[in-house]
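Contents: one structure, followed by commentary.
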2 protein chains.
Amino acid sequence: MAKIKVATHGSKKDAILKKAASLFRKKGFASSSMRELAESIGVEAPSLYNHIGSKSELLQDICFKVANDFTLQLREVESSAAGNTGKIEQLIRFHVRMMLQSFDEVYVSNHEWKHLKEPHLSNFLAQRKLYEGKLVQLIREGITEKELKNLHPHVAALTILSAVRGLEFWQRHKKDISTDVLENNMVQHLLNGLTI
Amino acid sequence: MAKIKVATHGSKKDAILKKAASLFRKKGFASSSMRELAESIGVEAPSLYNHIGSKSELLQDICFKVANDFTLQLREVESSAAGNTGKIEQLIRFHVRMMLQSFDEVYVSNHEWKHLKEPHLSNFLAQRKLYEGKLVQLIREGITEKELKNLHPHVAALTILSAVRGLEFWQRHKKDISTDVLENNMVQHLLNGLTI
DNA sequence: ACGCAAAACTAACGGATATTAGTTTTTTAT
DNA sequence: ATAAAAAACTAATATCCGTTAGTTTTGCGT
């Protein structure tokens with residue numbers, strides 16, 4: 001009866017993916033049913049299968065879209081003229097923007113990846129590990145070149161990645177503060193510390 | 001046939017809770033079945049109900065045990081003689097230790113609380129909000145008293161809490177580094193920053 | 001206006017789930 | 001040793017899930 005509403009320049013699958021990201025974020029992948037997803041779109045569950053292959057495929061598409069965005073940005077940062085500290089700063093700012101602009105998708109990618117099926121699960125984890133490794137290397141070089149304190153590079157990388165990830169809790173206060181100020185605060189805290 | 005193995009000074013329910021925390025962490029609450037849990041203990045699923053009320057109850061017990069531990073520690077820190085910065089440092093160190101010593105439970109509390117049923121869900125969130133609020137207040141006072149940089153207190157609190165939370169990814173490297181060094185690294189990074 | 005493809009629908013299947021009921025075995029207390 | 005209580009078992013129920021099959025409706029190109 002009802003038809004799937006498509007945004008301009010978006011396929012029906014894209015419309016489904018958007019709703020799926022929202023549902024998966026709110027209820028978790030395993031607790032979200034195709035019937036619920038269909039209802040949120042205004043259609044019966046089997047109708048979805050005219051546009052998608054399976055429930056798993058939705059999760060894959062969401063997770064890898066996010067992972068690819070970050071991988072792409074990392075490449076861009078790496079080829080920039082900035083120093084190590086500057087590159088790290090660029091990455092922090094990108095994470096902040098992504099979290100605010102694609103909240104549902106980033107959240108799902110961060111929280112629900114463990115429900116990916118093989119071989120996608122392994123691919124995803126490998127991509128994450130690669131990303132993390134590159135950041136560790138940036139920090140390591142920063143330490144070598146006396147830009148950064150001599151902290152354990154893995155711990156520092158984890159601290160940075162986790163801190164930006166924590167912006168998922170920021171959604172409620174979104175209107176209190178602009179994206180710029182938020183970026184600046186995170187960069188200031190993570191690079192220069194909290195104490196005076 | 002088989003009996004539930006109980007640790008010294010622990011009830012059978014405690015033994016179940018320990019296994020449940022491990023299972024829920026690995027597979028997520030919604031994707032963990034009572035049959036799986038029973039199997040990991042070496043018993044049939046219905047036998048569990050001689051010791052517990054429901055699957056939900058397991059999650060509640062895990063989440064509130066962790067929440068209470070943190071709330072209790074917060075009270076202790078508040079009544080200490082340390083300054084604001086010192087109190088924040090104590091909290092960071094406690095988070096690190098909790099994450100390493102009660103990994104499964106803290107992880108489940110952090111990731112699976114959304115599957116709590118009312119009124120427990122509301123209680124849990126209220127308790128978290130209270131905890132977060134107290135930390136924000138510590139930071140606010142630190143800023144007023146010129147101990148801390150003038151950052152947005154909410155953002156700083158979120159950064160700290162998220163960073164320690166991120167130690168869940170540290171499990172793989174656990175043996176690389178001692179708890180003390182890890183604590184020191186986190187405190188140093190979050191309070192004094194990464195740059196020299 | 002008409003035909004065809006896209007996309008909606010209804011009905012249904014096989015399987016998994018938490019939990020209950022009822023029964024048997026095991027442990028504990030006297 | 002024996003009775004009572006605790007805790008295991010088997011069987012079963014009702015519900016929900018992802019997905020398929022088959023059918024009807026919709027909408028676009030001619």
Side-chain angles (χ1 to χ4, degrees), chain A residues 1-8 10-24 26-63 108 112 114-118 120-121, chain B residues 1-21 23-24 26-63 108 112 114-118 120-121:
Chain A
M1 189 64 76
K3 299 296 297 286
I4 296 177
K5 279 268 181 65
V6 306
T8 27
S11 68
K12 294 186 182 175
K13 179 162 182 181
D14 289 337
I16 295 174
L17 278 171
K18 195 77 195 153
K19 290 285 191 179
S22 170
L23 182 65
F24 293 171
K26 286 178 196 139
K27 312 207 22 167
F29 176 75
S31 300
S32 300
S33 77
M34 296 302 280
R35 286 168 173 85
E36 274 177 298
L37 175 57
E39 189 180 17
S40 82
I41 294 174
V43 95
E44 294 298 320
S47 303
L48 296 174
Y49 288 82
N50 284 321
H51 308 284
I52 67 167
S54 67
K55 188 187 178 189
S56 287
E57 188 196 85
L58 291 175
L59 184 60
Q60 288 160 35
D61 287 353
I62 293 169
C63 289
V108 168
E112 308 294 334
K114 75 170 68 163
H115 296 107
L116 287 170
K117 293 182 179 168
E118 293 293 359
H120 310 288
L121 177 56
Chain B
M1 191 62 76
K3 298 296 298 285
I4 296 177
K5 280 265 181 67
V6 305
T8 26
H9 300 309
S11 68
K12 294 186 182 172
K13 180 162 181 180
D14 288 338
I16 296 174
L17 278 170
K18 195 74 198 153
K19 290 283 191 181
L23 182 64
F24 293 171
K26 286 177 196 138
K27 311 205 28 166
F29 175 75
S31 300
S32 300
S33 78
M34 296 303 280
R35 286 168 173 86
E36 275 177 298
L37 175 57
E39 189 180 16
S40 82
I41 294 174
V43 94
E44 294 298 320
S47 303
L48 297 173
Y49 289 83
N50 284 320
H51 308 284
I52 66 166
S54 67
K55 187 185 177 189
S56 287
E57 189 196 83
L58 292 174
L59 183 61
Q60 288 160 34
D61 288 352
I62 293 168
C63 289
V108 168
E112 306 294 332
K114 75 170 68 166
H115 297 107
L116 288 170
K117 291 181 179 168
E118 292 294 359
H120 311 288
L121 177 57

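Because the structure is a prediction, the values reported are computed rather than measured.
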May I ask you to check whether A:S22 and A:K26 show a side-chain donor-acceptor distance below 3.5 Å?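 The answer is yes; a qualifying pair exists.
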Within the structure, does a side-chain N or O atom of A:H51 lie under 4.0 Å from either OP1 or OP2 of C:dA6?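 Answer is no, no contact under 4.0 Å.
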Does a side-chain N or O from B:S47 land closer than 4.0 Å to OP1 or OP2 of D:dC9, or not?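 Affirmative; the distance criterion is met.
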Atom [atom1] of [X] and atom [atom2] of [N]: how far apart are they, to the nearest Å?
X	N	atom1	atom2	answer
A:L48	D:dT20	CG	C1'	14 Å
B:I52	D:dA8	CD1	P	12 Å
B:L37	C:dA16	CG	P	18 Å
A:I41	C:dC9	CD1	P	11 Å
A:K12	D:dC28	NZ	C1'	12 Å

Considering only C:dT10, C:dA7, D:dA8, which nucleotide approaches the side chain of A:E44 most closely?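 Side chain of A:E44 sits closest to C:dT10.
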From C:dC9, C:dT19, C:dA8, nucleotide with atom closest to A:P46 side chain: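 The answer is C:dC9.
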Find the distance between CG (A:L48) and OG (A:S54) and round it off to the nearest 0.5 Å.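 If I round to the nearest 0.5 Å, the distance is 11.5 Å.
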Could you give the distance from CG (A:L59) to NE2 (A:H115), rounded to the nearest 0.5 Å?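 A:L59 atom CG to A:H115 atom NE2 measures 8.5 Å (nearest 0.5 Å).
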4.5 Å side-chain heavy-atom contact, A:K19 and A:I16: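 The answer is no; the side chains never approach within 4.5 Å.
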Table of protein N/O atoms under 3.5 Å from nucleotides 16-18 of chain D N/O atoms:
residue	atom	partner	partner atom	Å
D:dG18	OP1	A:S32	O	3.1
D:dG18	OP1	A:M34	N	3.3
D:dG18	OP1	A:K55	NZ	3.0
D:dG18	OP2	A:M34	N	2.7
D:dG18	N7	A:R35	NH1	2.8
D:dG18	O6	A:R35	NH2	3.0

Here's one to test your reading of the geometry: is the NZ or CZ of A:K55 within 45 degrees of the ring axis of A:F29 and under 6.0 Å from its centre?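 That pair qualifies as a cation-pi contact.
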Side-chain donor/acceptor of B:N50 to base of D:dA8, under 3.5 Å: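 Under the 3.5 Å cut-off, the side chain and the base do form a donor-acceptor pair.
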Sequence neighbours left out, what passes side chain to side chain contact (heavy atoms under 4.5 Å, CB included) with B:K13? Give chain and number order.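 Only B:S11, B:L17, B:I52, B:E57, B:D61 meet the side chain to side chain contact (heavy atoms under 4.5 Å, CB included) criterion with B:K13.
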